[in-house]
Amino acid sequence: MEKTVRFTFPKKERLKSKKLFKALFTEGSGIREHALKLLYIKTAFDDDVQFKVAFVAPKKKFNSAVKRNRIKRLMLEAYRMNKPLVFNNMEGNFAFLFLYLGDDMPNLEAMDKGMKKLLTAFLKKERNEKNV
RNA sequence: AGAGCAGGCCACCUUAUCGCUGCAACAUUAGUUGGAGAGGAAAGUCCGGACACCGUAGUGCGGCAUAGCGGGUAACGCCCGUCCACCGAAAGGUGAGGACAAGUGCAACAGAAAGCAAGUACAGUUCGGCUGUAGUGAAAUCAGGUAAACUCUAUGCGGUGAAACGCCAUGUAAACCAACAUUAAAGGGCGGCACGUCCAAGUUGGAGGGUAGGCGGAUUGAGCUUUUGGGCAACCAGGGGCCUAGAUAAAUGGUAGGGAUAUACAGAAUCCGGCUUAUGGCCUGCUUUAUUU
C-alpha cells in the first residue's frame, strides 16, 4: 500500500551533516532552472528518511540576513507544496541542496513554478540514467 | 498656523487553515492535546563587566586609555547634578575643560626684533645697546600664548574569547598527563623588552592531541512589573506579583477573509550595562514669529 505523503517538513528531513554538504558541492550533480539550482547526490541515511534537503541563499548576493531568511523560507515553502512530485515517483535516497542564484527578491508564485520545473527535470534525468 | 528645541511611546491587528522549534501532560513505538516562540536597535563589535580557560599572570621599563568638581553604578570612556568656556534671539546645545611657577619645541599678520642673531626714531647718559619714551602687536631681553606639540602629573589596565571551556562514545603512533628518576649547556615557551620563571631524553601507569558526532555551557537574570520610602536627579532600600525564544546548515513562515489602501529599518546565537549607526509613525512639554480677540 502506498503511504500518503503530507505537506510536512520535519527536522529529520533537514540536511545537517557537514560531510554531505561538502560532498554535494564537490561531486553532486546539478540542474539549473533559471534562478534556482538543485544539487543532489545519491546516498544512504541512518534514520528512516528518503530525502534530506537544505536551502541556501548566497551571502554574496544578499548581504541582509532578513533577505536570506526570506528566500530560504520561500524555497522551503515551494518544496513543501511540491513534495508529492518526488516522493511518489522516486526510489532511492537522495540529499538535495537548493540554491537561489537570482539577483532580485523572488515571490512565492515564481518560486513555486521554478520548483515544479526543477523537480520534473530531476525526475526525467534520473529515469534516463536508470534506463541507460 | 509657521520655524525650532527637548523628551516619551508604539513597531500592523485579528480569525481560519497548512507547516516549523522548544516545553508540559497523556500515550510511553508512531502520535494526540495544550501553551510559548526575534529587536528597539537583535546591527556595528566601539567601551565596561559577568563567566571560562591559560605555566598564579610578580617586579622594572615600555605601551594603551581616561582627565573641571561632586555624585550614581558590578564596572565604564556611560548616566545624573553643577561650575566654566563657546554657539544660539530663545527653548537649548556642544566640550581631548589637569599642568606651559620642570625641560624641549612651535607661532600667521604687523614689527628692527617673538631667543642666540640683529637692533628704528627721539631724549637722557656714568658712553655699557646702559635707561626712558615713541612705534608694531594679544604679548617686547621681560614675560606671555600653545599640551586634538613632545612632555609631566593623577588614576586604571595580565592575555585569550562560547569555534572559550567541561563531559561522553569512537580510539592508531615516539607527540598528552601523572608518579619516580634527574641535570650541564645550547635552544625554546611565557603579552613588547629585561629581570624572573618553566621545559627535554629514561621507567611505570593512565590514556591525551587532531578529525567527524552527541550532551552540558544555554537561559532565573546586576531579570521584569507594581507599590511605599529616601534623593534636585542618575539611582538606592523594603514589600507584593510574574517566568518572558533557546535554535545549532540554525525554528518564529505560507495561504484566504476582515479592519478603506499601504506596511520603515531590520533576524536572537554565552549573558548583562552603555555608546554609535539605520529607520516608519504618534504624543507631550517648551521657545519664538505672525494673525485674531
Side-chain angles (χ1 to χ4, degrees):
Chain A
M1 183 184 164
E2 192 180 311
K3 60 179 176 182
T4 51
V5 175
R6 298 171 57 201
F7 302 107
T8 59
F9 188 70
K11 207 172 179 177
K12 270 185 177 178
E13 291 182 20
R14 200 173 277 278
L15 182 61
K16 293 184 177 183
S17 161
K18 272 189 184 176
K19 268 187 185 169
L20 276 177
F21 269 93
K22 225 176 181 177
L24 272 168
F25 278 110
T26 51
E27 50 196 86
S29 317
I31 306 173
R32 176 133 189 207
E33 180 65 43
H34 295 292
L36 275 175
K37 185 171 185 181
L38 169 65
L39 289 172
Y40 66 95
I41 191 168
K42 198 159 188 174
T43 179
F45 302 113
D46 298 334
D47 40 10
D48 188 27
V49 176
Q50 199 180 357
F51 302 106
K52 288 209 182 210
V53 188
F55 305 94
V56 171
K59 202 170 186 177
K60 276 186 183 171
K61 287 191 175 174
F62 302 94
N63 56 9
S64 153
V66 173
K67 284 181 181 169
R68 289 200 301 278
N69 269 350
R70 173 83 189 155
I71 290 167
K72 284 198 264 184
R73 280 167 185 162
L74 283 175
M75 284 198 283
L76 189 152
E77 202 63 21
Y79 169 75
R80 196 167 68 81
M81 299 319 272
N82 292 301
K83 258 174 88 177
L85 211 58
V86 271
F87 264 68
N88 293 338
N89 300 313
M90 222 32 233
E91 294 291 321
N93 294 345
F94 287 92
F96 289 147
L97 181 88
F98 291 96
L99 275 163
Y100 183 76
L101 299 172
D103 296 317
D104 309 314
M105 282 303 291
N107 57 19
L108 186 71
E109 204 183 335
M111 196 64 95
D112 184 61
K113 263 185 180 172
M115 185 63 71
K116 278 201 172 94
K117 277 186 182 173
L118 194 57
L119 290 179
T120 320
F122 164 71
L123 287 173
K124 238 182 184 174
K125 198 172 173 186
E126 273 303 299
R127 282 202 182 122
N128 288 345
E129 278 183 16
K130 239 183 189 176
N131 295 340
V132 167

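Hydrogens, waters and symmetry mates play no part in the numbers below; they use all other heavy atoms, side chains included. In the text below, chain A, chain B and the rest are named by the order of the sequence lines, each starting its count at 1.
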- Taking CG from A/Leu76 and C1' from B/U252, how many angstroms apart are they, rounded to a whole number? 13 Å
- Note on the structure: Checking N1-N3 plus N6-O4 or O6-N4 for Watson-Crick, or N1-O2 and O6-N3 for wobble, each under 3.5 Å, the partner of B/C12 is B/G259
- Taking for A/Lys67 and for A/Phe55 the nucleotide of RNA chain B with the nearest heavy atom, the one nearer the 5' end belongs to A/Phe55
- Message: Tell me if a side-chain donor or acceptor on A/Arg32 pairs with a main-chain N or O of A/Leu38 at a distance below 3.5 Å.
- Response: no
- Between B/G37 and B/A1, how far is it from one P atom to the other, in whole Å? 41 Å
- Task: Quick one: look up who B/G124 pairs with, Watson-Crick or G-U, both distances under 3.5 Å, and put none if it's unpaired.
- Result: B/C130
- With a non-hydrogen cut-off below 4.0 angstrom, is A/Arg68 in contact with a base, only sugar-phosphate, or nothing? nothing
- Message: A/Lys124: which residues meet the salt bridge (Lys or Arg N to Asp or Glu O under 4.0 Å) condition with it, sequence neighbours left out?
- Response: none
- Message: Could you tell me how far B/C235 sits from B/C80 if I compare only their C1' atoms? Round to whole Å.
- Response: 9 Å
- Query: With both distances under 3.5 angstrom, what nucleotide forms a Watson-Crick or G-U wobble pair with B/G4?
  - Reply: B/C286
- Task: Could you please name the option among B/A38, B/C18, B/A266 that lies closest to any side-chain atom of A/Arg80?
- Result: B/C18
- Message: Between B/U270 and B/G246, how far apart are the two C1' atoms, rounded to whole Å?
- Response: 11 Å
- Taking CG from A/Asn63 and C1' from B/A43, how many angstroms apart are they, rounded to a whole number? 12 Å
- Can you tell me, in whole Å, how much space there is between the P of B/A147 and that of B/A234? 36 Å
- Message: Say we look at B/G8 and B/G93: how far apart would their P atoms be, to the nearest angstrom?
- Response: 12 Å
- Item | Inter-nucleotide C1' distance (B/A36, B/U252), Å rounded | 11 Å
- Message: For A/Ala65 and A/Arg70, find the nucleotide of RNA chain B closest to each by heavy atoms; which residue's nucleotide sits nearer the 5' end?
- Response: A/Arg70
- C1' gap between B/C53 and B/A162, integer Å: 11 Å
- Task: Could you tell me the separation between the CE atom of A/Met81 and the P atom of B/C20, rounded to a whole number of Å?
- Result: 13 Å
- Spell out, as yes or no, whether a donor-acceptor pair under 3.5 Å connects the side chain of A/Lys61 to the backbone of A/Leu101. yes
- Item | Check: B/G19 base within 3.5 Å donor-acceptor of A/Arg73 side chain | no
- Task: Could you check which nucleotide pairs with B/A118 in any of the strands shown, counting Watson-Crick or G-U wobble with both distances under 3.5 Å?
- Result: none
- Task: Fit a plane to each ring of A/Tyr79 and A/Phe98, take the angle between them on a 0 to 90° scale, and name the class: parallel (under 30°), tilted (30 to 60°) or perpendicular (over 60°).
- Result: tilted
- Message: Going by the rule side-chain hydrogen bond (donor to acceptor under 3.5 Å, both in side chains), which residues pair with A/Lys116 if we only count those two or more places apart in sequence or in a different chain?
- Response: A/Asp112
- Item | Integer angstrom distance from the P of B/A269 to that of B/A264 | 22 Å
- Message: Without decimals, in angstroms, what is the distance between A/Leu74 CG and B/G19 C1'?
- Response: 14 Å
